[in-house]
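Input: a single structure, listed below in structure tokens.
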Amino acid sequence: MESLKVHNSLKPGPPVPFRPMVPGNVSWYVCGPTVYDKSHLGHARNYVASDIIRRIMMHYFGFKVKYVMNMTDVDDKIIIKARRQRLLELEKRKTHNETELRSLGLTAFRAYASGNLALLAADTSELDEFNYAERRDAAYGRVLAGGTLSGEGKPSDAEAKIRMHIGNMDAAADALRKNAIFPGLDEVLLPYLDSLYKETVDTSDQTMFTDLTKSMEALFLEDMDNLNVLRPDVITRVTEYMPQIAKFVEQVVDKGFAYEAEGSVYFDIAAFEAGGNTYARLRPESRNDKSLQEEGEGSLSKNLGGKRGAGDFALWKRSKAGEPYWPSKWGDGRPGWHIECSVMASDVLGSRMDVHSGGIDLAFPHHDNELAQSEAYFCEHGKGEHTWVNYFLHMGHLSISGSKMSKSLKNFQTIADALATTYTARSMRIVFLMGKWNDGVEISPDMRTQADNWESTMSNFFTNTKSWLSEAGITNGVESLSIGDAKSTGGLIAELEQAKKEMEAALTNSFDTPKAMLVLLKLVNAANVYVKDNRDFDLGQVEAAARWITQMVGIFGLDSNAQPPYDGIGWASSIAADVDPGQAVQPCIDVLDNIRNEVSSLAISSDALSRLLAQDPLADFKAIAETGTRDMERLALPHIRVVSQIRDELRRIVPSQSPETKKAILALTDRIRDTDLTNLGVYLDDRPDNQPSLIKFIPAEQLVRAREEKAEREREKAAKKEEARRAREKAEQEAREKARVPPEELFKKDERYGAWDATGMPTKLKDGSDVPKSQLKSLKKLWDKQKKAHEELKAKGGL
């Protein structure tokens, strides 16, 4: 096998060889979420991409991976959200009259505009819900129309933030107009109440924070389970590490790389670099970016003073009134954002680790500051720089309309909502697999179509292969027609061996999953061509390709029901652990019993049919169940096979039956295929020349959806046909009514004319002048046409 190479953010450029410290073992720390809100598709992109790499490391390359993730459960965002929610709850409990409520809402409305929408902030004293829209459009019309503030370039995070604030203001203005302060003005009231009362909140009771973080952590883990993301081997939480964090900071101070100022402790970048160390190794170009530095410090750190250098960052923050706190030698405080990961990762993995990962937005300042403080903690003077992380893997952003998906920008779709409305766990993972893990991704309709087509191609191949094997009497278990070591050098096996080489080349090249997905698609297309071009194709070769493809999609995490070593074929159909196999197949038994009764009531004379009706698949089912399999397709097959055989025999004998019996048989065979088996997730592929139907297991919801879509198309077709019929009848009726008028009376009611001859043709216009000759020619044609229609109607007795 080729040696694995990875893109390492510590060494920009092409992939570098991956050599873990302990051969065969990988220590890995991943920055987990800040659990203050529901997880969104941006989180899915990050953690699914990490999961794919982790699975490939373990199940393709054979590494033993120790995977550690933190949960940030104390942070400025958590503090602010929990505190504001508490203050809003308290405000809602107060007794307000209507005037007081409006005054509160309007003041908060103006304060929000002043603090967040600079172009409205010039004069907010007169701003209200009635003039807001006009002022908004004048100030931010370009942004609202999809443009930028400057009128140049493409929208970015700045415009996304403005749209978010405008959305909050829109909702607030609407609530003010309706006098619906709660909950309509919540988003503008939250920061306003916080500005008034934040220092009054009793934070000795930390349940307001832990209730929020525990609930959000549970939702995050549920989302990851639903996305088939493997659970971390170790989960750490900041609040469980406070004593260790304080001790860690003490040691950095003792080594001369940090200092205390006004109750807070800051990392001393100048001292760190003077000691021969490198700061901002990941993003040196960003080290003086004030906006990123401020974002890294958090919004609650703006008034903490005493820093020696502009880029120095907090290791320990003095807690102000209204903030949670823990004891330290510098007084009550809380950890800086970056220190938490250094302490927890080092506690579990030691002074060095193989891999550290996270979203690309964390590279600076979070990861650069992690590196600096950790290397300062572990460094030994005179021995050079300490290496804390060997490989930094940064996952690319998921973006929407040019801006990153972010909870703070409120431009996100939650994972739960996406899985309920737009994606399955598999389809979302396929989309991410089609992009490189370290590249940004913006999901487009074309990308979704490409992903859906890829999934359909794989599913159809798996379904067909299993159907052929089932027809050949081979189950989807360990039994196999496989040609073993694939000694054959031609046909599909040659394509399979080439695919394996290309797959290895893709995955060793920094987990190039887009190339890997193309390799699988290419092999399936080759298999389909092989089957099409060879009437008597070698099923063993097809099976060998299907088993390898199944293994690879399993490694990529595309089958939540499958487990390593992924030695089955296709998507696994496992029943729940607490479900008895007999209970699981009971719907199949019920369908077979109902069909037997209905066929028996038809009193058809057929020895073959009688034998099939008497056939009992129970023994075959028990033999399969005794193997311990949880594969629903294997368990259901004995009963489904008998149903299919009965239906095939009914279709074979139908031509020889009486008209009445023939009608009943056709209705029954259609219902078996379109209703009974569809509801069980079974599709019967009817074949010509009295060949037995091919049994295909397809998810019931997919078959039902297809059936409903077909029925809807038929309803639409019937509706259009009926509409056309009605339009035709209406036109015919109108023509008959018009034909009832004698030609002599055709122009008599036309006010344009004033005189007519004996045949009813106009001779004078209303003003007494003669009808122009050019007009008379056209009128005569109409008169002749009316005469013909009138005489035809008269001949048919319609008058």
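Residue numbers count from 1 along this sequence. Quick caveat, the model's predicted, so the values are computed rather than measured.
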Practice item. Taking atom CZ of Arg726 as the centre, report whether more than 12 heavy atoms of other residues, nucleotides or ligands fall under 6.0 Å from it. Key: no

Review point. With distance as the sole test, does Gln786 use its side chain to make a donor-acceptor pair with the main-chain N or O of Val741 at under 3.5 Å?
Key: yes

Review point. Do Val553 and Arg426 have side chains that get closer than 4.5 Å, going by heavy atoms?
Key: no

Review point. Arg705 and Gln702: side chain to side chain donor-acceptor pair (under 3.5 Å), yes or no, with the steps?
Key: CA-CA 5 Å; Arg705 184 169 61 250; Gln702 183 178 333; 5.2 Å; no

Study note, to complete from the structure: In short, Leu227 meets Ala44 closest at the heavy-atom pair CD1-CB, 3.8 Å

Exercise for review: May I ask you to say whether Asp784 pairs ionically with Lys787, meaning some side-chain N is under 4.0 Å from a carboxylate O?
Suggested key: no

Check your understanding: Which heavy atom of Arg736 sits nearest a heavy atom of Leu793, and at what distance?
Key -> O-CD2, 3.5 Å

Point to revise | Intermediate values then yes/no, side chain to side chain donor-acceptor pair (under 3.5 Å), Asp446 and Gln450 | key: CA-CA 6 Å; Asp446 286 346; Gln450 184 182 1; over 6 Å; no

**Study point:** Carboxylate-amine/guanidinium contact Glu714 Lys717, below 4.0 Å
**Key:** no

Review point. Taking all atoms of both residues into account, what is the closest heavy-atom pair of His790 and Ala739, and its distance?
Key: ND1-O, 2.7 Å

Exercise for review: Go through Asp648 and Leu684 one step at a time and tell me if the side chain to side chain contact (heavy atoms under 4.5 Å, CB included) criterion holds.
Suggested key: CA-CA 10 Å; Asp648 284 343; Leu684 292 184; 5.9 Å; no

Exercise for review: Would you check, one step at a time, whether the test salt bridge (Lys or Arg N to Asp or Glu O under 4.0 Å) holds for Arg713 with Glu716?
Suggested key: CA-CA 5 Å; Arg713 288 194 299 271; Glu716 289 177 357; over 6 Å; no

Check your understanding: Can any side-chain N or O of Trp454 pair as donor or acceptor with the backbone N or O of Met517 at less than 3.5 Å?
Key -> yes

Review point. Considering the options Asp559, Asp631, Asn561, which one meets the side-chain hydrogen bond (donor to acceptor under 3.5 Å, both in side chains) requirement together with Ser573?
Key: Asp631

Practice item. Hey, could you give me the NZ/CG distance between Lys662 and Leu602, rounded to the nearest 0.5 Å? Key: 14.5 Å

Review point. More than 12 heavy atoms of other residues, nucleotides or ligands under 6.0 Å from CD of Glu660: is that the case?
Key: no

Check your understanding: Leu592 versus Ile646: any side-chain heavy-atom pair under 4.5 Å?
Key -> yes

Exercise for review: Please confirm whether the backbone N or O of Leu558 pairs with a side-chain atom of Arg429, one donor and one acceptor, at under 3.5 Å?
Suggested key: no

Study note, to complete from the structure: Scanning both residues in full, the closest heavy-atom pair of Ala173 with Glu129 reads O-CB, 3.5 Å

Practice item. Can you spot which of Asn464, Thr463, Leu694 makes a side-chain contact (heavy atoms from CB on, under 4.5 Å) with Asp685? Key: Leu694

Practice item. Specify the closest pair of heavy atoms between Ala584 and Val579, including all atoms of both residues, with the distance to one decimal. Key: CB-CG1, 4.0 Å

Check your understanding: So how far is it from Arg647 CZ to Arg673 CZ, rounded to the nearest 0.5 Å?
Key -> 5.5 Å

Review point. Do other residues, nucleotides or ligands put more than 12 heavy atoms under 6.0 Å from Lys663 NZ?
Key: no

Check your understanding: Within a strict 4.5 Å, meaning less than it, do heavy atoms of the Val643 and Ile595 side chains meet?
Key -> yes

Point to revise | Residues Arg652, Glu649; criterion salt bridge (Lys or Arg N to Asp or Glu O under 4.0 Å); working and verdict | key: CA-CA 5 Å; Arg652 188 188 68 81; Glu649 180 61 18; 2.6 Å; yes

**Study point:** Glu723, CD atom: more than 12 neighbouring heavy atoms under 6.0 Å
**Key:** no

Point to revise | Main-chain N/O of Ala789 paired with Glu792 side-chain donor or acceptor, under 3.5 Å | key: no

Check your understanding: Checking Asn228 side chain against Gly557 main chain: does a donor-acceptor pair fall under 3.5 Å?
Key -> yes

Review point. Hey, is Asp174 close enough to Arg177 for a salt bridge, meaning N to O under 4.0 Å?
Key: yes

Revision key, fill the gap. Distance col, row Ser600:OG vs Leu609:CG, nearest 0.5 angstrom, shows 8.0 Å

**Study point:** Near-ring test Phe462/Trp571, centroid separation under 6.0 angstrom
**Key:** yes

Check your understanding: Checking Ser467 side chain against Ile695 main chain: does a donor-acceptor pair fall under 3.5 Å?
Key -> yes

Check your understanding: Judged by atom type as modelled, is there a donor-acceptor pair below 3.5 Å linking the side chain of Asp186 to the main-chain atoms of Phe182?
Key -> no

Practice item. Give the intermediate values and the outcome of salt bridge (Lys or Arg N to Asp or Glu O under 4.0 Å) for residues Asp170 and Arg136. Key: CA-CA 9 Å; Asp170 287 348; Arg136 174 202 65 197; 2.8 Å; yes

Check your understanding: How many angstroms lie between atom CG of Asp750 and atom NZ of Lys766, to the nearest 0.5 angstrom?
Key -> 10.0 Å

Exercise for review: For the residue pair Trp756 and Lys748, establish whether any side-chain heavy-atom pair is separated by less than 4.5 Å.
Suggested key: yes

Point to revise | Euclidean distance, Asp417 CG relative to Thr422 OG1, rounded to 0.5 Å | key: 6.5 Å

Practice item. Any chance you could measure Leu776, atom CG, to Lys780, atom NZ, to the nearest 0.5 Å? Key: 11.0 Å

Exercise for review: Side-chain contact test, heavy atoms from C-beta onward, threshold under 4.5 Å: evaluate it for Tyr132 versus Met169 and give yes or no.
Suggested key: yes

Practice item. Starting from the C-alpha separation in whole Å, work towards a yes-or-no answer on side chain to side chain contact (heavy atoms under 4.5 Å, CB included) for Gln691 and Glu471. Key: CA-CA 11 Å; Gln691 294 181 78; Glu471 187 178 41; 6.0 Å; no

Check your understanding: Can the positive tip of Arg634 be found less than 6.0 Å from the middle of the six-membered ring of Phe697, inside 45° of the ring normal?
Key -> no

**Study point:** Pro743 and Thr759, any side-chain heavy atoms less than 4.5 Å apart
**Key:** no

Check your understanding: Any side-chain heavy-atom pair from Ile589 and Asp593 closer than 4.5 angstrom?
Key -> yes

Review point. Between the main-chain N or O of Asp686 and the side-chain N or O of Ser693, is there a donor-acceptor pair closer than 3.5 Å?
Key: no

Practice item. Just do the side chain to side chain donor-acceptor pair (under 3.5 Å) check on Gln733 and Glu729 with the steps written out, would you? Key: CA-CA 6 Å; Gln733 178 64 27; Glu729 288 184 350; over 6 Å; no

Review point. Is Pro772 close to Leu765 at the side-chain level, that is, under 4.5 Å between some pair of heavy atoms?
Key: yes

**Study point:** Exceeds 12 heavy-atom contacts within 6.0 angstrom, atom CG of Asp607
**Key:** no

Check your understanding: When you measure from the side chain of His43 to the backbone N and O of His40, does any donor-acceptor pair fall under 3.5 Å?
Key -> yes

Revision key, fill the gap. For Leu398 and Gly42 the tightest heavy-atom approach is CD2-N, 3.9 Å

Practice item. Would you confirm whether Thr457, through its side chain, and Asn453, through its main-chain N or O, come within 3.5 Å as a donor-acceptor pair? Key: yes

Practice item. Go through the steps for Lys764 and Asp770 under the test side chain to side chain contact (heavy atoms under 4.5 Å, CB included), then give the verdict. Key: CA-CA 5 Å; Lys764 299 286 185 181; Asp770 293 337; 2.5 Å; yes

Exercise for review: Show the numbers, then the answer: is there a side chain to side chain contact (heavy atoms under 4.5 Å, CB included) between Leu779 and Tyr753?
Suggested key: CA-CA 12 Å; Leu779 294 173; Tyr753 307 112; 3.5 Å; yes

